[in-house]
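One structure is given below, encoded as structure tokens.
In each ligand, atom 1 is the first atom listed, and ligand 1 is the first ligand listed. Every heavy atom of this structure was used, including side-chain atoms; hydrogens, water molecules and symmetry mates were not.
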Amino acid sequence: MTLLSVQDLVKHFPVSGSSKLVKALNGVTFEIERGETFSLVGESGSGKTTVGRAVVGLIEATSGAIVFDGKPMSWKRNIRSPELRGRIQFVFQEPGESFNPREPVAAAMIEPLKYLGMNRSDRDRRLAEVLELIRMPMATAMKLPDDLSPGMLQRAAVGRAIITRPDLVVLDEPTSALDPTARAEIVDLLISVQKKMETAYLFISHDLSTVRFLTDRICVMYLGSVMETGPAEKVFLDPRHPYSVGLMASVLLPHPSLKTPERMKLEGEIPSPLDLPPGCPLASRCPLVEPACRERMPLPEYPQPKHLVHCINHHKLERADVVSDRFETFHTLSDRILRQGLPERVA
Ligand SMILES: Nc1ncnc2c1ncn2[C@@H]1O[C@H](COP(=O)(O)OP(=O)(O)O)[C@@H](O)[C@H]1O
Ligand code: SF4
Ligand SMILES: [Mg+2]
């Protein structure tokens, strides 16, 4: 069942002292099902954070709609209807940002409950439940943020997000600032929280090996547009968009067989979001480009059920031969790297 529907989302930021606009999002559409992990991936500047901020209500979109649990959401920050409060939560990249340096982390963790009007004893009971879920002793939660490691602090940030029992948590690069062990612990925590609470995640990351480990469906973005959306296994093993092929093969893993296949190397200039050309945004870098690509944005096509691609030449990538071997190697390697740091039950 659909929980969140993002429809033709456009966000153009004004530039001070200029009539130009930063075209951060140019018609982004996707849906998130109840209880699933939906990941947004793409190079820096592709618009992932802007989508996350719009979903959480931190910015107002230029146009488009976000429908949550069947109801369109208001853009106005803090004016979201009271019944939505606490149902969408977020975790950002820098764990320190969620915490006041002068307050114990436990104080920040219960803060979202105050907005729900919960009384003190109910808040304390909920805090104890969440600390157990995130495996954090109360004594640790009573420390100041500066006394916790970044991994512990991010663990507390996850606790703070789930304390309202939300339907959706938006996680923007939640593991990027962490070392590999802390990263694996957070991934493990997110998986176990989801099993218990059936929370859906909008997981934003450029770290494909982490994404691959916990995602159900994946959406590949480039310069504010969706290139490809589909089940994670399909998009990782059998990508049908030249950008996805280039992106996944460029993942830096220490293995010679993981080099980008020559024919799918993305070379050439990345257009400025201030001056996007018409048509497919990848045209300046795409080895399969042809004149029609530059005329209009390719319409969505479905090479396989539930697998959407915006590329007029997606059929040329059908069940990529050499590429699939490389992805299988990539799979095995990324699994092995991630599992090193994970406790037995997840591995
Ligand atoms: N507040 C802002 N004002 C102007 N431009 C912005 C703002 N926020 C983001 N952008 C621009 O929007 C584009 C998308 O950014 P972002 O959503 O942060 O991408 P990502 O998270 O994928 O790296 C970038 O070109 C970025 O510079
Ligand atoms: S539409 Fe054209 S330029 Fe865009 S990805 Fe497909 S082949 Fe490349
Ligand atoms: Mg970002």
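- Proximity of a side-chain donor or acceptor of R123 to a complementary backbone N or O of M118 within less than 3.5 Å is detected.
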Starting from the C-alpha separation in whole Å, work towards a yes-or-no answer on salt bridge (Lys or Arg N to Asp or Glu O under 4.0 Å) for E132 and K196. CA-CA 12 Å; E132 195 183 328; K196 289 206 176 85; over 6 Å; no
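- For atom 18 (O) of ligand 1, the closest non-hydrogen atom of the protein is T49 CB, 3.6 Å.
- Within the 3.5 Å criterion, the main-chain N or O of Y222 finds no donor-acceptor partner in the side chain of E43.
- Protein heavy atom closest to atom 12 (O) of ligand 1, with residue, atom name and distance, is A24 CB, 3.2 Å.
- A donor-acceptor pair is defined here as one N or O able to donate and one able to accept, closer than 3.5 Å; such a pair exists between the side chain of E36 and the backbone of E33.
- Atom 23 (O) of ligand 1 has G45 N, 2.7 Å as its closest protein atom, hydrogens excluded (heavy atom only).
- Annotation for ligand 2: atoms under 4.0 Å from non-hydrogen atoms of C293 are 1 (S), 2 (Fe), 3 (S), 7 (S).
- Environment of NE2 in H12: crowded, with over 12 heavy atoms of neighbouring residues, nucleotides or ligands closer than 6.0 Å.
- Counting protein heavy atoms only, atom 6 (Fe) of ligand 2 is closest to C311 SG, 2.3 Å.
- Although no hydrogens or angles enter the test, the distance criterion places no donor-acceptor pair under 3.5 Å between the side chain of E269 and the main chain of S284.
- Taking the ring centre of Y302 as origin, the terminal cationic atom of K306 falls outside the region bounded by 6.0 Å and 45° from the ring axis.
- Residue F13 has no nitrogen or oxygen atom sitting less than 3.5 Å from a nitrogen or oxygen atom of ligand 1, judged on distance alone.
- A donor-acceptor pair under 3.5 Å links the side-chain atoms of K48 to the main chain of G42, judged by distance alone.
- Panel note: side chain E31, backbone S5; no donor-acceptor pair is recorded below 3.5 Å.
- With a 4.0 Å heavy-atom cut-off, ligand 1 is reached by the backbone of T50 and by its side chain too.
- D238 has a carboxylate O that lies under 4.0 Å from a charged side-chain N of R240, or vice versa, which qualifies the two as a salt bridge.
- When non-hydrogen atoms are compared, ligand 1 lies under 4.0 Å from the side chain of P273 (C-beta onward) but not from its backbone.
- Here is the list of ligand 2 atoms found below 4.0 Å of a heavy atom in L288: 7 (S).
- With N26 contributing its side chain and L223 its backbone, the two residues share a donor-acceptor pair below 3.5 Å.
- In this structure, atom 26 (C) of ligand 1 is not in close contact with the protein, since no protein heavy atom lies within 4.0 Å of it.
- Side chain of Q154 to backbone of F92: a donor-acceptor contact under 3.5 angstrom is found.
- Close approach of ligand 2 to N313 is summarised as follows: ligand atoms under 4.0 Å from at least one heavy atom of the residue are 7 (S).
- Each of the atoms 19 (O), 20 (P), 22 (O) of ligand 1 lies under 4.0 Å from some heavy atom of S46.
- When each atom of ligand 1 is checked for a heavy atom of S44 under 4.0 Å away, the hits are 23 (O).
- Here the side chains of R120 and D124 are in contact, with some heavy-atom distance below 4.5 Å.
- Near I312, meaning under 4.0 Å from one of its heavy atoms, ligand 2 places the atoms 1 (S), 6 (Fe).
- For G42, the closest heavy-atom approach to ligand 1 does not fall below 4.0 Å.
- Any N or O atom pair closer than 3.5 Å counts here, and G47 shares at least one such pair with ligand 1.
- Distances below 4.0 Å separate heavy atoms of C280 from the following atoms of ligand 2: 1 (S), 3 (S), 4 (Fe), 5 (S).
- What sits closest to atom 11 (C) of ligand 1 on the protein, heavy atoms only, is V22 CG1, 3.7 Å.
- Side-chain atoms of Y201 come within 3.5 Å of backbone N or O of L190 as a donor-acceptor pair.
- Residue contacts with ligand 2 include H241, since one of its heavy atoms falls under 4.0 Å from the ligand.
- Only the side chain of P242 comes within contact range of ligand 2, with a heavy atom under 4.0 Å; no backbone atom does.
- Not a single N/O/S atom of C286, whether from backbone or side chain, sits less than 2.8 Å from atom 4 (Fe) of ligand 2.
- Between the Mg ion (ligand 3) and T49 there is an N/O/S contact shorter than 2.8 Å.
- Residue P298 has at least one heavy-atom neighbour below 4.0 Å for each of these atoms of ligand 2: 1 (S).
- Atom 22 (O) of ligand 1 has its closest protein heavy atom at K48 NZ, 2.8 Å.
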